[in-house]
Amino acid sequence: MEYKKIEINYQLCQLEELSEVEQMVVKKSIEATNTAYAKYSHFYVGAAALLNNGTVVMGSNQENAAFPSSLCAERTAVFAAQATYPNEPIKILAIAAKTDNGLLKDPITPCGACRQVILEVEDRYSQPIRILLYGQNGIYCLNSVKDLLPFSFVESNMQD
């Protein structure tokens, strides 16, 4: 038996250390938390996707009493971007969250389903998506969703 280790690379940045464009996308994700419908969890998540053409598409979590019918902010933003701009890759995806007490101190990461959706978009356009996960104490900056999903499952896995 052989033991192996997986490590990911990410940066912990402060907002002012990001480029102006990255700061703008992060601020849009924070703004998007205001459009979340989180009647049950009171956990408001916002996402902002910067497309290659410069357009920013925002999304927020939308809850439903039948919880499986709810949708995360990340998928809301990604699906809206893909439906509205089907030929535009996503360059940056920023995510922020808050509760009734305000913005979270530490970043949150996308759930497994959202990671898979983001991965599919990366694979579709053969272009990594920079992921910026906002927290008041710092922002996790990743160069690809593959850093969050190291054993990824894409179309090439289904081919011989």
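All of these numbers come straight from a predicted model, not from anything done at the bench.
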Checklist line | Steps toward side chain to side chain contact (heavy atoms under 4.5 Å, CB included) verdict (Gln116, Leu119) | finding: CA-CA 5 Å; Gln116 184 66 36; Leu119 175 69; 4.0 Å; yes

Check whether Phe79 and Val145 end up in the same hydrophobic cluster, where Ile, Leu, Val, Met, Phe, Trp and Tyr are linked by side-chain heavy atoms less than 4.5 Å apart.
yes

Discussion item. Taking the side chain as everything from C-beta on, heavy atoms only, tell me whether Pro107 gets closer than 4.5 Å to Gln136.
Written reply: no

Taken to the nearest 0.5 Å, the spacing of Met24 CE from Glu31 CD works out to 11.0 Å

Practice problem: Mark yes or no for whether Gln62, through its side chain, and Thr35, through its backbone, hold a donor-acceptor pair below 3.5 Å. | Solution: yes

Taking every heavy atom of Ala47 against every heavy atom of Ala73, the minimum-distance pair comes out as CB-O, 3.6 Å

(message) Are there over 12 heavy-atom neighbours, none belonging to Glu16, within less than 6.0 Å of that residue's CD?
(response) yes

Discussion item. Using modelled atom types and a 3.5 Å cut-off, is there a donor and acceptor pairing between side-chain atoms of Asn143 and backbone atoms of Pro128?
Written reply: no

### Query
Ignoring hydrogens and geometry, is there a side-chain-to-backbone donor-acceptor pair from Thr33 to Ile30 under 3.5 Å?
yes

Could you check whether any side-chain N or O of Arg115 sits under 3.5 Å from a backbone N or O of Leu149, counting only pairs where one atom can act as donor and the other as acceptor?
no

Any side-chain heavy atom of Pro110 sitting closer than 4.5 Å to one from Cys72?
-> no

**Asked** Do Asn64 and Tyr40 have side-chain N/O donor and acceptor atoms under 3.5 Å apart?
**Response** no

So ring pair (Phe, Tyr, Trp, His ring centres under 6.0 Å) across residues 4-35, not counting sequence neighbours, yields Tyr10-Tyr140

More than 12 heavy atoms from other groups under 6.0 Å of CG on Asn9:
no

Exercise for the section: Using a strict 4.0 Å threshold on nitrogen-to-oxygen distance, state whether Glu122 and Arg124 make a salt bridge. Expected result: no

**Asked** Ser152 side chain to Lys146 main-chain N or O, any donor-acceptor pair under 3.5 Å?
**Response** no

Joint hydrophobic cluster, Met58 plus Val121, side-chain heavy atoms closer than 4.5 Å:
no

Note: Thr84 and Ala80 closest approach over all heavy atoms is OG1-O, 2.8 Å

All heavy atoms of Ile8 vs all of Leu142, minimum pair found to be CD1-CD2, 4.4 Å

One should read off an interatomic distance between Cys13 SG and Tyr134 OH, to the nearest 0.5 angstrom, of 13.0 Å

Do Val78 and Leu133 share a hydrophobic cluster, counting only Ile, Leu, Val, Met, Phe, Trp and Tyr and linking them when any side-chain heavy atoms are less than 4.5 Å apart? yes

Side chain of Glu74, backbone of Val45: donor and acceptor closer than 3.5 Å?
no

What one should report as the nearest heavy-atom pair of Thr76 and Ser60 is OG1-O, 3.3 Å

CG (Leu132) and CG (Leu15) are apart, to the nearest 0.5 Å, by 9.5 Å

- request: Ignoring hydrogens and angles, tell me if any N or O in the side chain of Glu63 forms a donor-acceptor pair with the backbone of Ser41 under 3.5 Å.
  value: yes

In terms of heavy-atom contacts, Ala32 and Gly46 come closest through CB-CA, 3.7 Å

The residue among Ile92, Val57, Leu93 that forms side chain to side chain contact (heavy atoms under 4.5 Å, CB included) with Leu50 is Ile92

| said: Please determine whether residues Val25 and Tyr85 belong to a single hydrophobic cluster, defined as Ile, Leu, Val, Met, Phe, Trp and Tyr linked transitively by side-chain heavy-atom distances below 4.5 Å. | reply: no

Separation between SG (Cys141) and CG (Leu18), nearest 0.5 Å, reads 5.0 Å

Residues pairing under side-chain hydrogen bond (donor to acceptor under 3.5 Å, both in side chains) where one sits in residues 48-58, two or more places apart or in two chains, turn out to be Asn52-Gln127, Asn53-Thr55

**Prompt:** Under the 3.5 angstrom rule, does the side chain of Gln14 hit a backbone N or O of Asn137 as a donor-acceptor pair?
**Reply:** yes

On a heavy-atom basis, the closest approach of Phe43 and Leu104 is CE1-CD1, 3.7 Å

In this structure, CG of Leu148 is separated from SG of Cys114 (nearest 0.5 Å) by 11.5 Å

*Between Ile108 and Ile95, is a side chain to side chain contact (heavy atoms under 4.5 Å, CB included) present by the stated rule, with each step listed?*
CA-CA 8 Å; Ile108 61 161; Ile95 303 160; 4.2 Å; yes

key: Atom NZ of Lys98: over 12 foreign heavy atoms under 6.0 Å   = yes

What do the steps show when you test Tyr125 against Ile90 for side chain to side chain contact (heavy atoms under 4.5 Å, CB included), and what is the final call? CA-CA 9 Å; Tyr125 295 103; Ile90 297 173; over 6 Å; no

Contacts of Glu22 meeting salt bridge (Lys or Arg N to Asp or Glu O under 4.0 Å) (sequence neighbours excluded), chain-then-number -> Arg130

Between the CG atom in Asp106 and the CG atom in Leu12, the distance rounded to the nearest 0.5 Å is 9.0 Å

